[in-house]
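Below is one structure, written out as structure tokens; the observations come after it.
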Amino acid sequence: MSWDFFVPVCVGDLVKSGEVNQYVVQDVVSPKQLPPYLSKFKAALRSQGPLCILEHFDTGYSVLQHCNSLDLVVKEDTLELLVQVVSGLAVTLPTVLASTSISAAERKEKLNAVKMSVFLLCKLTETLEIIFCLAQGGKKGKAGGEGFLHWDSEREKVLQALIQLLQLDIRSLWSLSLVEEEFIRCVTFCCYKLLENPTISHVKSKPTRDCIIHLLGVLIKKYNHIMGIGVKVIQLMQHFEQLSSVFAQAVSVWSAEYGVRAIVGEVIREIGQKSSEELGREGSGVKAFASFLSELSTLVPELMIPNISVLITHLEGESHTMRVAVCEVLGEILVRVLCGDGLDESGKADRDRFFDTLQEHLHDTHSHVRTRVLQVYTRIVNSKALPLSRFNEVMELAVGRLMDKSINVVKSAIQLLAAFIAQNPYSCKLSSADLKKPLEKEMAKLRMMKEKLEGKAPASELWAAMKPELLITVRTELEPTNKAEEQQQDDDEDMDVEEEKEAEDDRATAVKIAQLQKVVYWLELFCIPLYQLTLHVWPLMSSLGSDEDTTELSQNLPPTPQKDGEKQGDDGELKKQEMLVQYLRDTETFALQVERAISVINTMLYWKTTSVVQEAVQFCVTVCEFSVANSVIGVRKMLPLVWSTDAAIKDAVVEAYRRLYLNPRGDTVRMKAQALVDSLSELMVDASLGTIQCLEEIEFFSSGTNLQSIVVQILWERFTGKRETSALHRRAAVLMLGMAREVVLSNLDTLCSVALGEKVTEDFLLARDTVITICNITDHVRVRCHKPFAPFRLPQDHQLFTCLTQAIAEDPYWQSFMEQAVRLIYFLAESPDQLCSRLLQRSARLLLDQIAEGAEVTKNTDQMSEVSQKSMNCVCLAQLLALCGCVAFWQVSHLERSVSAELRRRRGETEEREEKGPSTASESAMEEELGLIGASAEDTEAELIRKICETELLAEENLLCAFLPLLVKVCSSPGRYSHPQLTTAACLALSQYMMISPSVCEDNIRLMFTMLERSALPVVRANALIALGDLTVRFPNILEPWTQNLYTRLSDEVPSVRQTAVTVLTQLVLKDVLKVKGQVSEVAVLLIDPESHISSMALNFFNELATKDNAIYNLLPDIISRLSDPERGMNSEDFNTIMKQLFSYITKERQTESLVEKLCQRFRTAKTERQWGDLATSLSLLSMCERGFKRLQECWECYSDKLTEPGVYQPLLSITAKLRRGAKPQFKPQIDEFEKRLTAVHTRGLENVESPEMEEEDQKAGSKTVTHTPLPAKTRLRSKRGRSSRVSLSGTLETPKVTTPIARSSRRTRLRN
């Protein structure tokens, strides 16, 4: 073979003559002639094998050239032939490559066949891929036809054939094993072209995706493609965002399966070199880069650590998307790599550095970054990868994020806090109160241990005390002797041998001690512990003298190792105790943080954002499961949300309660039922009627039938006293029985005999709850179903009513029982008015008998007994008056609800009978007499009920009429009837009487308002407020002149009265019963009330009021005037707080513009500097727009003479700063000019910076010293249609017609002074 095949850069280059011995396509076959040539190609492949490509390359090239105009069958056949050629080469080449005697010609032949077949296959695949993508982009894709439905499988065959071939070591076919770059580029370009398919990241394309990844992996590992892969990956992700997950998977495969770990650093360095400005541009691919980094960190987190320093730089960039990605990478590394106790010092340092970085970005400027960092921390905590030393620190930061402005940040913070509680390493029960005593006990024990150890002298101190004496002894022994001593030694030559030996021994001992001193010096110099020092001491001491000397010296030596071991044991116990104390301290700190979070999250249960409420509900469940202090508050607070109109919130609350209370644990059904009853009993203790209704909505008894029957059985056992239980649990049992109404109906006699029989006076609270339970089966519940049926009534002589009417006693809980009893009588009894009349008579008779008996007793007793008897009489009278009011109220309710409903029911039945057949003469006569015929029947019924209330209920023959004068007398004489219970009962009863008819209301309305203003009892004032609110709804025309007096109680000194006032006014205003006037400023003052629940109610009032069109906008000028009144004396800080909240509701530009003009005009009538400052502050709190700023400039004359005051100048200056932040370039010069003008007037005075026009006017004015303030330049705003705006007109009308003249000369003089 004399020619070589060179892979061309462009397909068309093969038809051009090139270098010597270079292959050139000789014959490009036309499309019509291609089928026979393909047949020859197939025959040659069968006979010659894959080397046939050398002769039939031109046929494949012709198909490639005419691909767009060929039939689909021709293209498919060609592709199949080329796949067979490449697969055939992959089968035949291994034997050739393994051979050592292959000739150069044969090598060239094989090489040309490989390059030709790979080139044609790759180029044809690219072309078909383009056609396929175009076919997918069209509606039905005429270009592709039906055959492209199987292109995915065909594409996969192509890639597998290429992988099979390139996995062989075909580099030996090239000279010096250097594979030409064009060949590698041909294959990689095909792979990259396939990756550009929009569906490549879909699940159905996974086989193709995996093949491409493995093919590129082979090219990177064997053919040195790593040099350009990094740049190509970045380019593709930049243009095709869907490839981020594909390349993340690819890089992980290349690094793990193919061992090319450097590819990770290559790609990350390319991303790290991107500048912040480049990433900020549109189309920069920043989202793809971020997604790539996040997913890559989940696949190979350990390979990210060496390259993390390159990515950290992006945390300082402006792209929040990249900051999020880097934080997620750090989180993945901390969870998967840098976790556990087995880290070395370097790993711990990296871990601490990464945690510090994450904590910094909890305060990132972008809310999305803060959200994702909180989510990263949530994953870290759930994976138990957060070091214990950082628990409380991160916990505190998470609690702080609950105040974030972003809803997503708040939700993520709640999730993190829930994870902290669920994964906390401290205790399963978190209560700071319970932890306080153990902590104090262990701290006291620690102090005792420290004091005990301080009493023992340490070994170092003993050695230091012995050291000076030892040094003196050694020096004395080793000093050179003088001459006299030497002479004496010569004279005493007759000394005994033993004495000489002793002297020599003493000197030797001194020498050894000196050596020991040197050793001790160096040991102390290098801080060697004392127990090691003794190891050096004992070998030296072992050779010192006799045993006696050794014993004597050993007494003065440092402690022995055994003694030091005891010391170490004491130190170990001390360290253990210190660790225990530190653990308890951390636990207490953690519990306090949780309790702080609970108080904040509980306020989120009634936010308008559904997702936040759902997270708050889940958090409340979590903290309740861990028995955190005050956790039950949140659980109870979320209960009313079962009535939420949002189905998601309602479902969340229902599911939360079922999770908390309907998951009983026990081995048997009986034990499970017992646990269920116990948990529900805790919830029902002291539950209000509202709480009971909410619990009924949850349907606790909708679970399994077997469990429900046993639960009901246990409840009956508790209620009847068969099982010993507390009074609270008995009441809870009867309330829970009321949730199963069919049980109550079938056991009515049992309820009466147990709770309402002879022992009723022993526990009126149990009797009251029993009455409430019985009420659940009455017709007022059935009315909710809106079905016409005959009411369920019991005869008057029923045991139930006999018990109720006989149960009269002097008990503090009798009144609450009596209210429910009267309610039950009117709901359940036939002719309830007769029963109640007898009850009133019996009560009055008992009172008179008691007064008579008391009068006889007091004749023979002292004064103290007389006072006690009078108090008892007052209590009995209070009970009687309360009973009167209750009967009056339920009598009216009975007429308007039960009687009215019965009339409608009978009329409906009559109409049905008339439709079926003619009615009887007697029924027709009765209806004609009542006037219940025709369309006005309902009006006639209502008029009949109203007439009965006005004329018959308080007629002289009616018993209720007899008590009205007594009520009026008690209420109008507080000095004479000063008993608190009597006064309270009389006020409440009088208000209930006033509900009967307009005449009674009108006669006593002045008395009711007098009690509201002057009563010394807060409960009387609160009850009067509630009653007057109800009367305002019932008789609005009568109450209308008095409504302004309701606002005065908003400033009551008692918090409970203020709370009642804001509750009543909120209901009246939001239901449009009461017109909103300037007095609403008193509600605004409650925004800064010291009681948090009152301020939250006031905030809720304005939140709801803001939903009404222009309501707050219309009230703002009057509110500002009233709050800035000097007589009120409100300080500036409180004023700013209130106004900041109120101005947050002004969001429309038109409203802002109008308010700017109104507030500017009020500068003219403001008299004090404080009022000027308040107006300027109000202007600065507005979200100023361009139109509002222009209006502010037009009203310059209104406030320019006040700018010398700092309280006016500074707020107006802040307006320019706010406007400059987001202003358009053409608008900024106006802002700068206005700011300069403000500053000039503030520093030099108005007269020194007058405009030329003003100077000309002053000259024309001549000698005039007093000038009137000019009118505003525009008094009316024109809308787009030319009509005047009502908003501007109202602002103009509010400006006074006559303004105070401004004396220029006096103003100038004052400024100069």
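These numbers were taken from a predicted model, which means no experiment stands behind them.
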Quiz item: Nearest 0.5 Å, what's the CG-OG1 distance between Leu1025 and Thr1060?
Solution: 6.5 Å
Quiz prompt | Which atom of Leu605 lies closest to which atom of Val613, heavy atoms considered | solution = O-CG1, 3.4 Å
Quiz item: Going by atom types alone, do Glu1091 and Gln1059 pair a side-chain donor with an acceptor below 3.5 Å?
Solution: no
Quiz item: Roughly how far, to the nearest 0.5 Å, is CZ of Arg1191 from CE of Met1184?
Solution: 12.0 Å
Quiz item: Would you say Pro1211 and Leu1181 make side-chain contact, with heavy atoms under 4.5 Å?
Solution: no
Quiz prompt | Exercise: identify the closest heavy-atom pair between Val410 and Leu402 | solution = CG2-O, 3.8 Å
Quiz prompt | Thr1048 versus Ser1051, closest heavy-atom pair with distance | solution = O-OG, 3.0 Å
Quiz item: Could you go step by step and tell me if Thr1147 and Ser1183 meet the side chain to side chain contact (heavy atoms under 4.5 Å, CB included) rule?
Solution: CA-CA 7 Å; Thr1147 56; Ser1183 55; over 6 Å; no
Quiz item: In Å and rounded to the nearest 0.5 Å, what is the NZ to CG distance from Lys1158 to Asp1118?
Solution: 9.0 Å
Quiz prompt | Distance in Å, Glu1186 CD paired with Ile1231 CD1, rounded so as to fall on 0.5 Å steps | solution = 8.5 Å
Quiz item: More than 12 foreign heavy atoms under 6.0 Å from NZ of Lys1236: is that the case here?
Solution: no
Quiz item: Any salt bridge between Lys411 and Glu615, counting N to O under 4.0 Å?
Solution: no
Quiz prompt | Polar side-chain atom of Ser1154 near backbone of Arg1150 as donor-acceptor pair, under 3.5 Å | solution = no
Exercise. Using a 4.5 Å cut-off on heavy atoms from C-beta on, say whether the side chain of Leu1238 contacts that of Trp1196.
Key: yes
Quiz prompt | Steps toward side chain to side chain contact (heavy atoms under 4.5 Å, CB included) verdict (Thr1177, Met1139) | solution = CA-CA 9 Å; Thr1177 301; Met1139 288 299 107; 5.9 Å; no
Quiz item: Say you draw a straight line from CD of Gln1044 to CD of Gln1079; how long is it, rounded to the nearest 0.5 Å?
Solution: 6.0 Å
Quiz prompt | Closest non-hydrogen atom pair, Asp364 against Arg370 | solution = O-NH1, 2.7 Å
Quiz item: So does Glu1133 have more than 12 non-hydrogen atoms from other groups sitting under 6.0 Å from CD?
Solution: no
Quiz item: Hey, what's the ring geometry for Tyr1199 with Phe1234, parallel, tilted or perpendicular (30° and 60° as the breaks)?
Solution: perpendicular
Quiz item: Looking only at atom types and distance, does a side-chain atom of Lys637 sit under 3.5 Å from a main-chain N or O of Asn602, one as donor and one as acceptor?
Solution: yes
Quiz prompt | Single hit among Leu1116, Asn1103, Leu1105 for side-chain contact (heavy atoms from CB on, under 4.5 Å) with Tyr1145 | solution = Asn1103
Quiz item: Counting only N and O atoms by type, is there a donor-acceptor contact under 3.5 Å from the side chain of Asn1100 to the main-chain atoms of Ser1096?
Solution: no
Exercise. Compare all side-chain heavy atoms of Phe619 with those of Ile598 and state whether any distance is below 4.5 angstrom.
Key: yes
Quiz prompt | Closest non-hydrogen atom pair between Leu1219 and Cys1185, with its separation | solution = CD2-O, 4.3 Å
Self-check item: Leu1046 side chain near Leu1039 side chain, heavy-atom distance below 4.5 Å
Solution: no
Quiz item: Where is the tightest heavy-atom contact between Val373 and Cys327, given as atom of each residue plus distance?
Solution: CG2-SG, 3.8 Å
Quiz item: Counting heavy atoms not belonging to Glu318, are there more than 12 under 6.0 Å from its CD?
Solution: no
Quiz item: Stepwise, does the side chain to side chain contact (heavy atoms under 4.5 Å, CB included) test hold for Cys1160 with Leu1179?
Solution: CA-CA 8 Å; Cys1160 288; Leu1179 285 170; 4.1 Å; yes
Quiz item: Is any side-chain heavy atom of Gln359 closer than 4.5 Å to a side-chain heavy atom of Val394?
Solution: yes
Exercise. Verify whether one side chain among Asn1045 and Glu1013 offers a donor that lies under 3.5 Å from an acceptor in the other.
Key: no
Practice problem: Using the ring of Phe1189 (Phe, Tyr or Trp, six-membered ring only), decide whether Lys1218 places NZ or CZ under 6.0 Å from its centre and within 45 degrees of its axis. | Solution: no
Quiz item: Within the distance-only criterion (no hydrogens, no angle test), does the side chain of Trp1172 pair as donor or acceptor with the backbone N or O of Ala1166 below 3.5 angstrom?
Solution: yes
Quiz item: Heavy atoms, side chains only, cut-off 4.5 Å: are Ser1124 and Arg1170 in contact?
Solution: no
Self-check item: NZ/NE/NH1/NH2 to OD/OE distance under 4.0 Å, Glu1082 and Arg1128
Solution: yes
Exercise. Would you please say whether a donor-acceptor pair under 3.5 Å links the side chains of Asn408 and Thr371?
Key: no
Self-check item: Interatomic distance, Leu1212 atom CG to Leu1192 atom CG [nearest 0.5 angstrom]
Solution: 6.5 Å
Exercise. Inspect the contact between Arg1049 and Asp1052 and indicate whether a charged nitrogen and a carboxylate oxygen are less than 4.0 angstrom apart.
Key: yes
Quiz prompt | Neighbour count >12 (heavy atoms, 6.0 Å) for atom CD, Glu396 | solution = no
Quiz item: Is a side-chain donor or acceptor of Ser1015 paired with a backbone partner of Leu1012 at a separation under 3.5 angstrom?
Solution: no
Quiz item: Can you check whether Leu1086 reaches Phe1102 side chain to side chain, under 4.5 Å on heavy atoms?
Solution: no
Quiz item: Would Leu417 and Ile601 count as a side chain to side chain contact (heavy atoms under 4.5 Å, CB included) if you check the C-alpha gap in whole Å, the side-chain angles of each, and the deciding distance to 0.1 Å?
Solution: CA-CA 10 Å; Leu417 291 171; Ile601 295 176; 4.1 Å; yes
Quiz item: Is the closest side-chain heavy-atom distance between Glu1233 and Gln1230 below 4.5 Å?
Solution: no
Quiz item: Parallel, tilted or perpendicular for Tyr1209 and His1242, by the 30°/60° rule?
Solution: parallel
